[in-house]
Every structure is written in C-alpha cells, then in structure tokens.
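Notes for the one structure printed next.
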Amino acid sequence: MTTRAALPPATLQTHRRPARSPSPRRAATPGGVARYVVLIACGVLVLSPVVWTLWTALTPLEAGTDTVRPGFSAFVDVFAQVDYALLFLNSVLVTGLVVAGQMIVSAMAGYVLATVDFRGRRLLFGAILATMMVPLQVTIVPVFMLIRGMGLSDTLLALIIPAIPTAFGTFLMRQYFLTLPAELGEAAAIDGAGHFRTFFSVYAPLALPGMAIVGILAFNTHWNEFFRPLILTLSEQNFTLPLGLVSLQGNLGSGSTSTILAGVVLSMIPALIVFVFGQRPLREGLTAGVSK
C-alpha cells in the first residue's frame, strides 16, 4: 500500500488574482465640460417657456389688482368662458380621422410606389415630392373653392378630407417599404394573392412602425393647427381647440393672461400623452433598417 507524499504547504495555497484597485475618476476635460454646458443651456431654453406658461396659469392676478391668487381658478375660468368640451370633441374627431386617413392612404401609396412597377412611377413620385415645396398658404384658396363647390364649407369634413393626402407620409412609407424584402411579395404572388391581399396580409403588419411615425407626426401637426380652421370654418360649433381658445383673449386683448395660458396647458395634455406613449414606436420606426 502506497501512501501519498504530503505536499508542502506552499503548494496547497490557491493562486488568487490580486484585487483590482478601483479606477480613479476620469478628470473632467474642457470638451466634456463644454458639452454639458451646451446641453444644459439648450434644456433651459426649451423648458423655460413651458415652465413660465404653467407658472402663470397657476398664479393668476385678482381682477383690477396686482395681488397674485395661486390656485386653479384660471382653469375654471376657461370652462366658464368657452365650451371647452365641444372644442375638445371637435379636435379629437378631426385629428383622429386625419391621423387614421393619413396612415392608411400613405401606406397604400407608399406600397404601390415601392413595389409595383408601372410606367411613369418615377415621374409620379417626383410630382408628389414637388408638392412638399408648395406652402399651404398658396393652395388654401383653391382648396377653399373646391370645398365650397362640394357643399362642405363650414363643416368638419372641410378640415378632414383635404388633410388626408400627405406627400411626406407617402415618401416616408415608400422608403420604409423599400427596406422590406421583396421575396415576401413574390411568394404571395406565387400563391395567387393580388396586390390588395399582399398589402393587407403581408406588408401592412410589417409596416406598422412606419405607420406609427406617420400617425404621431400627423397628430402633432393637426392637433395644434390654426390656419386651416381659421379659413375653412365660420361657426363656433365647428371650431377646434386652437381656434376656440383665441376667444379667451377677449375684446382688444383684454382677457386674462393666466386664463389664456390655462387653456393652452389644457390643450397640451393630449399631445403630452401621445408623446409619452408614442415615443417608443417613433424611435423604433425611425431607426428601423439602419442596423442589420
């Protein structure tokens, strides 16, 4: 019977890596400090008007005095001076239908321009892009004449129908469809699917991030739109929020500034909600196809 020789104590010690000393903090460089200063300055410039608006709405002055009366009385005055519920409903109806219409129409137009080969496709796409260089103020008179000829003047449809076609949305969706594999459409065509079936069953579900971008941008544009409602609507029952809140200014601008800004704050809430819940689809849609 053999016995194992006793190992010397030095060989029984485990070899451990020496503990790494914590790395010292990097010294602040002039470039890093300047970057933070610029970012802070930009943040202050962006947030200062919002903070001032909210503060002024919450600190109205008593009538005829310089005494500040903190509270929500300015918000109560908004509901007392204008039919805020009707204005809000009109804005929701107009903006919602415009958003849905732009998402569907721009997706279908982008699909055709990206996947269907027909004569004059490039020329048509160039003409659509050319309309982006024409200001709204140039086309508002012909649009007004067409709306009046259709018998839709001073109606909510006058704000909805002309806003559904969108050159930017068409361009955006065309570029998005170009990033999708063409083999999907070829496989659907082999199975006997037409263009409508291929679009709604194959491409449309894949294009939801791009459609979300179109919808979010359309909401931000038309929720705050003032010029077209001012021209195309006359009756107060058809006013949207931006146009209806103008009446808070009073005769010759004699209205309370706090009341006006309280109405502005109330109108900002839906846009803020859309931004909070829509920033992720917007970010994913804008970065789709960048990295493979």
Side-chain angles (χ1 to χ4, degrees), residues 36-99 136-137 156 159-160 163 212 215-283:
Y36 281 108
V37 170
V38 171
L39 291 176
I40 293 174
C42 293
V44 171
L45 290 175
V46 172
L47 294 178
S48 294
V50 180
V51 174
W52 176 81
T53 299
L54 184 60
W55 175 257
T56 306
L58 293 174
T59 56
L61 300 176
E62 293 186 0
T65 65
D66 293 333
T67 305
V68 176
R69 185 182 53 184
F72 296 93
S73 59
F75 294 88
V76 177
D77 293 339
V78 172
F79 291 93
Q81 296 183 24
V82 297
D83 193 351
Y84 189 86
L86 178 61
L87 298 175
F88 182 82
L89 180 61
N90 289 342
S91 291
V92 169
L93 183 62
V94 171
T95 307
L97 291 178
V98 169
V99 167
L136 175 63
Q137 291 78 6
L156 295 180
L159 303 176
I160 297 171
I216 294 172
L217 296 179
F219 179 88
N220 290 332
T221 299
H222 294 280
W223 181 263
N224 301 310
E225 189 176 28
F226 178 80
F227 181 69
R228 287 195 319 118
L230 177 65
I231 301 299
L232 301 178
T233 58
L234 298 174
S235 305
E236 294 184 0
Q237 62 266 22
N238 293 324
F239 284 177
T240 56
L241 266 177
L243 189 58
L245 293 178
V246 174
S247 61
L248 295 175
Q249 295 180 356
N251 187 22
L252 299 178
S254 59
S256 171
T257 303
S258 297
T259 303
I260 298 172
L261 295 181
V264 172
V265 171
L266 291 175
S267 66
M268 289 168 52
I269 295 176
L272 180 62
I273 294 174
V274 171
F275 171 77
V276 170
F277 290 97
Q279 59 178 338
R280 181 175 179 182
L282 181 62
R283 183 174 61 252

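Only this structure's heavy atoms are used, side chains among them; waters, hydrogens and symmetry mates stay out.
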Checking Phe79 against Leu266 for the side chain to side chain contact (heavy atoms under 4.5 Å, CB included) test, could you report, in this order, the C-alpha distance in whole Å, the side-chain angles of both residues, the deciding distance, and whether it holds?
CA-CA 10 Å; Phe79 291 93; Leu266 291 175; 3.8 Å; yes
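- The shortest heavy-atom contact between Ser91 and Thr240 is OG-CB, 3.4 Å.
- The line from CD of Gln81 to CD1 of Ile260 is 9.0 Å long, rounded to the nearest 0.5 Å.
- The local environment of CZ in Phe275 is sparse, with at most 12 non-hydrogen atoms from other residues, nucleotides or ligands closer than 6.0 Å.
- For the pair Thr259 (side chain) and Asp77 (backbone), a donor-acceptor distance under 3.5 Å is absent.
- Listed for the Ser258 side chain is a donor-acceptor partner under 3.5 Å among the backbone atoms of Thr56.
- Distance check, rounded to the nearest 0.5 Å: CG of Leu232 to CD1 of Ile160 gives 11.5 Å.
- Here the OG1 atom belonging to Thr233 is positioned 5.0 Å from the CZ atom belonging to Phe239, to the nearest 0.5 angstrom.
- In Tyr36, the OH atom is not crowded: 12 or fewer heavy atoms of neighbouring residues, nucleotides or ligands sit closer than 6.0 Å.
- Considering every non-hydrogen atom in both Thr53 and Pro49, the closest pair reads OG1-O, 2.7 Å.
- The backbone N or O of Ser267 lies less than 3.5 Å from a partner atom in the side chain of Trp223, making a donor-acceptor pair.
- Counting only distance, with no hydrogens or angles, the side chain of Asn238 and the backbone of Leu234 share no donor-acceptor pair below 3.5 Å.
- For the atom pair Asn220 CG and Leu217 CG, the distance stands at 6.5 Å (nearest 0.5 Å).
- Residue Pro60 comes nearest to Ser73 through the heavy atom pair CG-OG, 3.3 Å, listed as atom of the first residue, atom of the second, then distance.
- With sequence neighbours excluded, the residues that form a side chain to side chain contact (heavy atoms under 4.5 Å, CB included) with Ile40 are Val44.
- Smallest separation of non-hydrogen atoms from Leu159 and Val94: CB-CG1, 4.0 Å.
- Taking 4.5 Å as the limit, some side-chain heavy atom of Phe75 sits within range of a side-chain heavy atom of Leu58.
- In this structure, Gln237 places its CD atom where more than 12 heavy-atom neighbours from other residues, nucleotides or ligands lie under 6.0 Å away.
- Ser247 contributes a side-chain N or O that, together with a main-chain N or O of Gly244, makes up a donor-acceptor pair within less than 3.5 Å.
- For the atom pair Leu261 CG and Leu245 CG, the distance stands at 10.5 Å (nearest 0.5 Å).
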Show your reasoning for whether side chain to side chain contact (heavy atoms under 4.5 Å, CB included) applies to Glu225 and Thr221.
CA-CA 6 Å; Glu225 189 176 28; Thr221 299; 5.7 Å; no
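- Atom-to-atom distance recorded for Phe277:CZ and Ile216:CD1 is 12.5 Å, nearest 0.5 angstrom.
- Ring geometry, Phe88 versus Tyr84: the interplanar angle falls under 30°, so the pair is classed parallel (tilted spans 30 to 60°).
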